[in-house]
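Quick notes on the structure that follows.
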Protein chains: 2
Amino acid sequence: MSTDGSRRRDVTVADVAKAAKVSKAQAARALGNYGAVSDDVRERVLAAAEELEYRPNELARSMNTGKSNTIGVVVGDIENPHFGLAMRGITDTAKKSGYNVILINTDEERAAEVDAVRVLLDKRVDGLIVAPASSLETSHLQQVRESGRPLVLLDRAATGVDVETFAVDMGSISYESTAHLIEAGHRRIAFVSTVRTDAPYVAGMKLDSSQISDRLDGIHRAFDDAGLPYPSDLIRLSAGDADSIRRITRELLGGPDPATAIIASDGLIALSVVEAIQESGLSIPDDVSFLMYDDFAWTRLTTPPLTVIAQPVYDMGIAAASALIRRIEGRKSTGPAPELVATLIRRGSIGAPKDAEVLSQAGG
Amino acid sequence: MSTDGSRRRDVTVADVAKAAKVSKAQAARALGNYGAVSDDVRERVLAAAEELEYRPNELARSMNTGKSNTIGVVVGDIENPHFGLAMRGITDTAKKSGYNVILINTDEERAAEVDAVRVLLDKRVDGLIVAPASSLETSHLQQVRESGRPLVLLDRAATGVDVETFAVDMGSISYESTAHLIEAGHRRIAFVSTVRTDAPYVAGMKLDSSQISDRLDGIHRAFDDAGLPYPSDLIRLSAGDADSIRRITRELLGGPDPATAIIASDGLIALSVVEAIQESGLSIPDDVSFLMYDDFAWTRLTTPPLTVIAQPVYDMGIAAASALIRRIEGRKSTGPAPELVATLIRRGSIGAPKDAEVLSQAGG
DNA sequence: TTGAAAGCGCTAACAT
DNA sequence: ATGTTAGCGCTTTCAA
């Protein structure tokens with residue numbers, strides 16, 4: 001009957017209306033659940049729709065209503081489990097409220113991000129969630145604000161743009177964990193991040209990633225408070241790909257005054273750093289202590305299990321999506337934004353440095 | 001001037017046309033890069049558009065052209081790095097051809113998948129990539145075919161639906177790796193998967209996941225060819241969550257006739273299995289051998305590094321997206337579909353079973 | 001409650 | 001090359 005399989009054009013409200021012997025407007029009302037429709041008409045329309053296998057054209061619907069029930073998400077790297085998990089939080093939340101998600105991956109390129117935002121706006125998404133590749137160059141985000149479409153930030157802040165931001169406070173956790181390392185006797189604490197910089201690092205310098213800036217500030221403060229000099233030479237930014245990170249790790253651990261502890265800025269970096277340490281024949285934590293950001297399940301499987309800074313990434317996704325949808329729907333905030341706090345999970349990868357005695361004499 | 005910041009309605013072609021003193025049609029042609037437009041007109045229109053900060057409404061554009069330049073992707077769990085990586089392949093490829101991606105996560109629930117497909121169709125995506133939660137119940141996929149919109153399958157096949165499928169041939173790699181284990185002396189080889197089943201497992205049974213069925217068939221054949229009995233009691237499906245997997249692992253390794261080798265069906269399962277092994281105080285591979293599907297970077301960091309079955313997941317994403325886009329654009333296939341072959345990467349987690357002598361006497 | 005008609009912002013015929 | 005006029009499939013006045 002109806003499944004003749006040929007390239008039939010889509011069934012429209014007009015078709016349904018004709019079949020149900022009502023006006024287009026009435027059919028549309030019944031189908032779209034709005035306006036006033038008598039039970040009799042609704043029944044006939046719904047029956048006809050079913051019979052004809054009618055499916056609404058959401059594009060046309062969106063054109064009229066100005067609502068697409070879609071939110072756009074822009075992240076640097078969906079392959080990174082950090083974002084994979086945040087994405088899960090976002091999609092779960094979106095689905096619950098009847099929204100779909102368009103995902104764009106920028107490879108942490110600002111140009112791609114500018115493009116992504118523009119495309120999403122052109123597609124008339126109802127709102128945007130962006131994990132900005134740069135916290136400094138934010139004019140395109142400012143444009144989103146001016147377009148009037150809701151925007152929230154994920155994972156990183158953006159200077160000069162007045163938007164709700166859902167990210168962990170990195171300064172305090174960085175301070176806390178650095179203090180922990182200092183207390184264990186470490187003075188040569190390295191920090192490895194892939195964040196790109198043009199200029200070589202100097203203390204207090206603003207980086208593309210507010211998160212990394214905050215972490216460095218935290219390290220800085222911990223050293224200051226301990227009355228110790230800040231080993232800026234051990235800050236390694238623009239770390240690049242896996243090979244490059246391994247090389248940097250070897251550099252850090254070789255030389256006359258090697259690092260006694262290494263902090264990896266994310267799980268991907270951590271993999272390469274730990275691999276390089278193992279390849280060097282050094283052991284954790286006897287030869288070098290190790291700390292990383294993000295608590296992935298595999299960090300419990302290494303020997304020793306790794307001490308990590310756990311971030312509530314899934315919750316961050318949920319919070320960002322909830323807030324965005326709230327704004328889209330014009331509802332007021334029901335309460336304070338959820339606290340997104342990172343925690344130091346002490347497992348086995350931090351110990352005393354080999355030359356602990358010497359340092360404790362020198363340091364205090 | 002133009003940035004008064006108030007809630008101004010969107011600038012349309014009509015506005016641009018008026019400003020450029022040309023007809024709406026001419027403005028649209030200039031802005032949309034189609035039809036014939038004189039240089040003079042084009043310039044004026046583009047200038048006016050710039051001045052007014054005109055942005056096309058892609059929704060309206062899609063309505064007319066019937067093209068949304070969007071593809072829908074439906075996966076079971078974006079949090080799983082397996083899909084994260086495939087997704088990366090898809091988005092990279094899509095972007096290259098000017099397509100956007102709407103992602104829907106189904107949590108491996110068929111009902112959610114049926115819904116997802118419907119929503120995507122309603123949104124008039126140009127094509128669909130689905131990693132079907134069930135290879136058996138596929139009527140909703142058949143409906144996609146009937147809708148005439150291009151569809152390709154990712155990671156798993158679907159019976160009764162005639163579509164291009166991009167998945168690794170699991171039968172042969174499963175056979176090969178099982179043979180490897182048998183050769184090492186193993187007879188009690190367990191297989192742990194989260195695929196859900198109603199009935200208890202019996203040999204040859206068809207499962208929701210074609211991939212798992214194929215793997216089990218491969219195991220089966222390897223045993224048959226070795227002239228050995230098939231230890232069906234060690235096949236553990238519906239393994240559930242992390243706690244449940246740990247419990248199953250303990251069961252497998254306890255009892256009178258324990259497993260001497262365990263195969264984990266994916267990276268997430270592997271984490272729990274290895275964790276349980278470690279908790280039991282057993283060591284790999286001395287007490288129990290271990291093999292897992294998917295080659296994640298962390299598998300090189302455990303002690304010993306894990307033997308894995310590597311799958312070209314990123315390439316799979318690329319292949320699926322390329323094929324889909326080719327179909328959308330009505331181009332013919334330029335060559336044979338790329339081979340997606342899995343490879344056994346032998347690292348340190350497979351050794352001889354403890355009671356190897358006994359077995360080699362018994363088995364031949 | 002119903003229907004006719006206007007419109008969303010754009011593209012696509014069809015003239016000229 | 002340009003303009004006029006219809007649509008795309010739906011929602012939304014506005015009358016009845």
Side-chain angles (χ1 to χ4, degrees), chain A residues 7-46 48-49 52-70 119 121-126 147 149, chain B residues 7-46 48-49 52-70 119 121-126 147 149:
Chain A
R7 67 187 68 197
R8 61 190 180 292
R9 73 152 184 56
D10 288 345
V11 176
T12 72
V13 273
D15 299 321
V16 176
K18 195 174 301 173
K21 301 192 199 313
V22 295
S23 73
K24 221 176 61 174
Q26 274 313 81
R29 287 194 257 253
L31 259 9
N33 284 315
Y34 60 89
V37 185
S38 68
D39 289 353
D40 173 50
V41 167
R42 186 191 331 280
E43 250 171 59
R44 269 160 42 214
V45 169
L46 261 28
L52 297 175
E53 294 182 14
Y54 166 81
R55 293 271 74 219
N57 183 329
E58 291 295 344
L59 249 33
R61 202 167 256 181
S62 296
M63 266 211 49
N64 290 279
T65 60
K67 261 216 98 193
S68 60
N69 286 302
T70 303
V119 166
L121 251 24
D122 289 355
K123 273 202 180 300
R124 299 306 194 257
V125 293
D126 295 333
S147 82
R149 228 155 294 158
Chain B
R7 67 189 66 196
R8 61 192 180 291
R9 73 152 182 55
D10 288 346
V11 176
T12 72
V13 272
D15 300 320
V16 175
K18 196 175 299 174
K21 300 190 201 314
V22 294
S23 73
K24 221 176 61 174
Q26 272 315 81
R29 286 192 260 253
L31 293 168
N33 284 313
Y34 61 90
V37 185
S38 69
D39 289 353
D40 172 50
V41 167
R42 187 191 330 281
E43 250 170 60
R44 270 162 41 216
V45 169
L46 261 28
L52 298 175
E53 295 182 14
Y54 166 81
R55 294 270 72 218
N57 183 329
E58 292 295 343
L59 250 32
R61 202 168 257 180
S62 295
M63 269 214 46
N64 291 281
T65 59
K67 261 215 97 194
S68 59
N69 285 301
T70 302
V119 166
L121 251 23
D122 290 354
K123 274 202 178 300
R124 298 306 193 257
V125 294
D126 295 333
S147 82
R149 226 155 294 160

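The chains referred to below are lettered A, B, ... by the order of the sequence lines, with proteins before strands, and numbering in each begins at 1.
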Earliest and latest nucleotide of DNA chain D, 5' to 3', sitting under 4.0 Å from a non-hydrogen atom of chain A?
D:dG9 to D:dT13
Quick check: on DNA chain C, is the nucleotide nearest B:Arg29 upstream (toward 5') of the one nearest B:Ala60, or the reverse? Name the residue that is more 5'.
B:Ala60
Are any of B:Tyr34's side-chain N or O atoms less than 4.0 Å away from OP1 or OP2 of C:dT11?
yes
Sidechain N-carboxylate O distance under 4.0 Å for B:Asp10, A:Arg124:
yes
Between A:Gln26 and C:dT2, is there a contact of a side-chain N or O with OP1 or OP2 at under 4.0 Å?
yes
Note: for B:Asn64 and A:Thr65 on DNA chain D, the residue whose nearest nucleotide lies more 5' is B:Asn64
Could you state the CD-P distance from B:Glu58 to C:dG9, rounded to the nearest angstrom?
14 Å
Expressed as a whole number of angstroms, how long is the span from A:Arg44:CZ to C:dT1:P?
15 Å
A:Val16 side chain reached by A:Val45 side chain, heavy atoms, under 4.5 Å
yes
Tell me which nucleotide among C:dG3, C:dT11, C:dT2 gets nearest to the side chain of A:Ala25.
C:dG3
Hey, does A:Gln26 have a side-chain heavy atom less than 4.5 Å from the side chain of A:Val37?
yes
C:dG9 P sits how many Å from A:Arg124 CZ, rounded?
8 Å
Do B:Leu31 and B:Leu46 make a side-chain contact, defined as non-hydrogen atoms from C-beta onward lying under 4.5 Å apart?
yes
Calculate, to the nearest 0.5 Å, the distance between atoms CZ and CG belonging to B:Arg61 and B:Asn69 respectively.
9.5 Å
Taking side chain as C-beta onward, heavy atoms only, is A:Arg149 less than 4.5 Å from A:Asp126?
no
Can a side chain N or O of B:Tyr54 be found less than 4.0 Å away from OP1 or OP2 on C:dC10?
yes
Protein-nucleotide distance (A:Glu43, atom CD; C:dT2, atom C1'), rounded to Å
17 Å
In whole Å, what is the span from the CG atom of B:Asn33 to the P atom of C:dC10?
14 Å
What's the closest nucleotide to the side chain of A:Ser38 if the choices are C:dG7, C:dT2, C:dT11?
C:dT2
Along DNA chain D (nearest heavy atom to each residue), the more 5'-positioned of A:Arg61 and B:Val41:
B:Val41
Any donor-acceptor pair under 3.5 Å linking the side-chain atoms of B:Lys123 with those of A:Thr70?
yes
